S.K.: 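Mind looking over this structure? Questions follow.
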Amino acid sequence: MSHESDRHAFLDWLDQPDSFPTRLAKDESSTIEELLECDDTLPGLYCSQLGLPQGSSYAEAARGFARQYRLRNAAAAPWEASTF
């Protein structure tokens, strides 16, 4: 399954951090849930922004957001980023 549109939406969302809670409630929770299984590498700039190690996946970032906002389908793997 291609996650290209979800990846682009997620990066767009990260570029506008002040809108996280509002956009998550309106339209981003499904994007986050879709990315829970995306092993593609998150661009380095966004890894740094989120406090993740370089080379982290979209799934790792999505799990952090899912836990932070208590999305119903959050994966059970531990989240270690310090910024969440």
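Just so it is clear, the values below take in all heavy atoms, side chains as well, and ignore hydrogens, waters and symmetry mates. This structure is a prediction, so every number in the text was calculated from the model and none was measured.
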S.K.: Closest approach of Cys47 and Ser56, non-hydrogen atoms and distance?
M.R.: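 The pair with the smallest heavy-atom distance is SG-N, 3.9 Å.
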S.K.: With no hydrogens and no angle check, just 3.5 Å: does a side-chain donor-acceptor pair link Asp15 and Tyr46?
M.R.: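 There is such a pair between these side chains.
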S.K.: So, do Asp39 and Tyr58 sit near enough that their side-chain heavy atoms are less than 4.5 Å apart?
M.R.: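 The answer is no, as the side chains (C-beta and beyond) never meet within the 4.5 Å cut-off.
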S.K.: Test side chain to side chain contact (heavy atoms under 4.5 Å, CB included) on Leu35 and Asp40 and set out the steps.
M.R.: CA-CA 9 Å; Leu35 291 175; Asp40 292 343; over 6 Å; no
S.K.: Measure across Asp6 and Thr31 and return the closest heavy-atom pair with its distance rounded to 0.1 Å.
M.R.: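 Where Asp6 meets Thr31 most closely, the heavy atoms are O-CG2, 3.4 Å.
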S.K.: Do Thr41 and Gln54 get their side chains close enough for a donor-acceptor pair, meaning under 3.5 Å?
M.R.: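 The answer is no; no qualifying pair exists.
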S.K.: Shortest non-hydrogen contact from Leu36 to Ala66?
M.R.: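 Minimum heavy-atom contact is CD2-CB, 4.2 Å.
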S.K.: Show the numbers, then the answer: is there a side chain to side chain contact (heavy atoms under 4.5 Å, CB included) between Ile32 and Trp13?
M.R.: CA-CA 11 Å; Ile32 299 297; Trp13 189 45; 3.3 Å; yes
S.K.: Taking all non-hydrogen atoms of both residues into account, name the closest pair between His3 and Glu34 and its distance.
M.R.: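 Closest heavy-atom pair between His3 and Glu34: CE1-O, 3.1 Å.
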S.K.: Any side-chain heavy-atom pair from Leu14 and Gln49 closer than 4.5 angstrom?
M.R.: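 Touching, per the 4.5 Å side-chain cut-off.
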